[in-house]
Participant: 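Just dropping this structure here.
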Amino acid sequence: MTRRVIRPASAVLLACGVAAGCSSSTLEITDPDVLNVSDYQTVAGATPLRLGALQDFQNVFAGNLSIENVVIVTANISDEIYSTDTFDDRLFPNQRAMVENLPAMDGFYRNLHRAREGATQAILVLQKFAPTPVQNIGELYALRGFTETFFAETYCSGVPFSGQKDGVTFFGDPQTTAQIYTRALASFDSALAASGTSANVQNLARIGRGRVLLNQGQFAQAATAVAGVPTSFKYLTAHSTSSARQENGVWNALSIANSRYAIVNREGGNGIDWLRTPADPRIPWTPSTRVGFNGTSTNLPTQGKYARTGSVAVAEGIEARLIELEAQLRTDNQAARDAVFAGLNSLRSTGISPAMAPLPGSAATTQAAAVSQLFEERAIWLYLTGHRLGDLRRLIRQYGRTANSVFPTGNLPSPLAGTYGNDVNAPIPFDERNNPKFNGCLDRNP
């Protein structure tokens, strides 16, 4: 059950304006689907509030809420997909030349904050009115941590975190990227503390902690955080055809007729070869004659990873193993490179069924080549799960790569025209300037 806005009053008022004898009771409408503050501040209201927070997270992560979700936005800015739309909302992010006023991006930003604040408010109600089972609280802390992580990975430095306290809205101060990661880590720590006996919540929180620690450059600590997560673990979204909001938004963006996005191969000359032949089993795709929304992008390949009601992994054990391998590769010697190469091949053997063939050749003999190989395997394992933009930014920040060596550059793919810009993250939307404490991005660095 979500907190939705109902607008029947205008129709009722019009009817009363033309009909004699309308009583005031006509306007007293009770809608059982709408939760007011007084409704959910109870034991009975805690559960629907929690379920609404879970749904808000699923929608903004991979749902069909106006198409823009974490997976699609980060894929479009990076090299996983490109826009086949006619609207600047999707073309500018793809071009790495963004402005503050893009309505679809504004909606995505608001929805991400809605999921974050919804989890926060639900946690407070559960702690007061439904403290058991405690893992329900832990799960919401973990999902809040992921929304905070997405803000840090997607946006420039300076995102404010506003909210409500005692029913009063307050404006948040702009946070640096480093501060946002610290905030996210605290949420994951709280999730782990409130996980009870739930292995599902424990593993979700552990992977979230590992992801944040990796972004902070604390590689050994990241590996320790995820060490106990089984490779088979998955925390998945759930989708259905009951409404457009419930569909898998990644499928919608990349698979339907006149889709607004498409898989792009080696975008900008340095992107990953996603469309391999034969297809990599981790990135299944088929050729088609589909045409994009713009009417000029033709023969768009159809992704096969997600179905209309298919699940998307928010966190999975494969990521835990990849974090451990990256931490191991921080040791710059051939023995470490050999061990990481063996680990990647082990993952190919055990992380997918049927098992894949090992990587060709032998381990890289230079650290730069080993890093490139690890990040390519990581990109393919985690394809269209919302990781790629954060990883490209880490290649710049932690490994000294230049932006134009990891992000798409040069001429845009035909039939698009023009050249790529220099953005490596999204600007905070102009609407945030309603916050008197906010005056724009603090910086646009990776």
Participant: Cation over ring, Arg209 on Phe188, under 6.0 Å and within 45°?
Facilitator: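 Judged by the rule, Arg209 and Phe188 form no cation-pi pair.
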
Participant: May I ask you to decide whether Glu247 forms a salt bridge with Arg308, counting only side-chain N to carboxylate O separations under 4.0 Å?
Facilitator: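 Yes.
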
Participant: Please determine whether a side-chain nitrogen of the Lys or Arg among Asp79 and Arg266 lies less than 4.0 Å from a carboxylate oxygen of the Asp or Glu.
Facilitator: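 No, no charged N to carboxylate O under 4.0 Å.
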
Participant: Counting distance only, does the side-chain N/O of Asp88 pair as donor-acceptor with the main-chain N or O of Leu91 below 3.5 Å?
Facilitator: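 It does not hold such a pair.
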
Participant: Please determine, by modelled atom types, if Arg96 and Asn404 share a side-chain donor-acceptor pair under 3.5 angstrom.
Facilitator: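 Side-chain D/A pair, Arg96 to Asn404: present.
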
Participant: Applying side-chain contact (heavy atoms from CB on, under 4.5 Å), can you list everything that pairs with Ala426, at least two apart in sequence or on another chain?
Facilitator: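 Residues passing side-chain contact (heavy atoms from CB on, under 4.5 Å) with Ala426: Ile77, Met98, Met105, Thr154, Tyr155.
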
Participant: Can you confirm whether the side chains of Tyr181 and Glu148 place a donor and an acceptor under 3.5 Å from each other?
Facilitator: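 Per modelled atom types, Tyr181 and Glu148 side chains form no pair under 3.5 Å.
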
Participant: Under 3.5 Å, is there a donor-acceptor pair linking the side chains of Thr241 and Gln246?
Facilitator: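 Their side chains do not contain a donor-acceptor pair, so the 3.5 Å distance test is not met.
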
Participant: On the six-membered ring of Phe161, is Arg183 placed so that its NZ or CZ lies under 6.0 angstrom from the centre and within 45° of the ring axis?
Facilitator: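 Yes.
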
Participant: Is it possible for you to check whether Arg330 lies under 6.0 Å from the centre of the six-membered ring of Tyr399, through NZ or CZ, and within 45° of that ring's axis?
Facilitator: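 Yes.
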
Participant: Starting at CD of Gln179, measure out to CG of Asp173 and round the result to the nearest 0.5 Å.
Facilitator: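 It comes to 9.0 Å.
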
Participant: Roughly how far apart are Asn94 CG and Asp423 CG, rounded to 0.5 Å?
Facilitator: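 Answer rounded to 0.5 Å: 12.0 Å.
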
Participant: With rounding to the nearest 0.5 angstrom, report the CZ to CD1 distance, Phe61 to Ile72.
Facilitator: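 Reported value, rounded in 0.5 Å steps: 10.5 Å.
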
Participant: Answer yes when Glu377 and Arg282 have at least one side-chain N-carboxylate O distance shorter than 4.0 Å, and no when they do not.
Facilitator: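 Counted as a salt bridge, because a side-chain N and a carboxylate O are separated by less than 4.0 Å.
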
Participant: Any ion pair linking Arg433 and Glu100 (charged N to carboxylate O, less than 4.0 Å)?
Facilitator: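 Looking at Arg433 together with Glu100, the answer is yes, because their closest N to O distance falls below 4.0 Å.
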
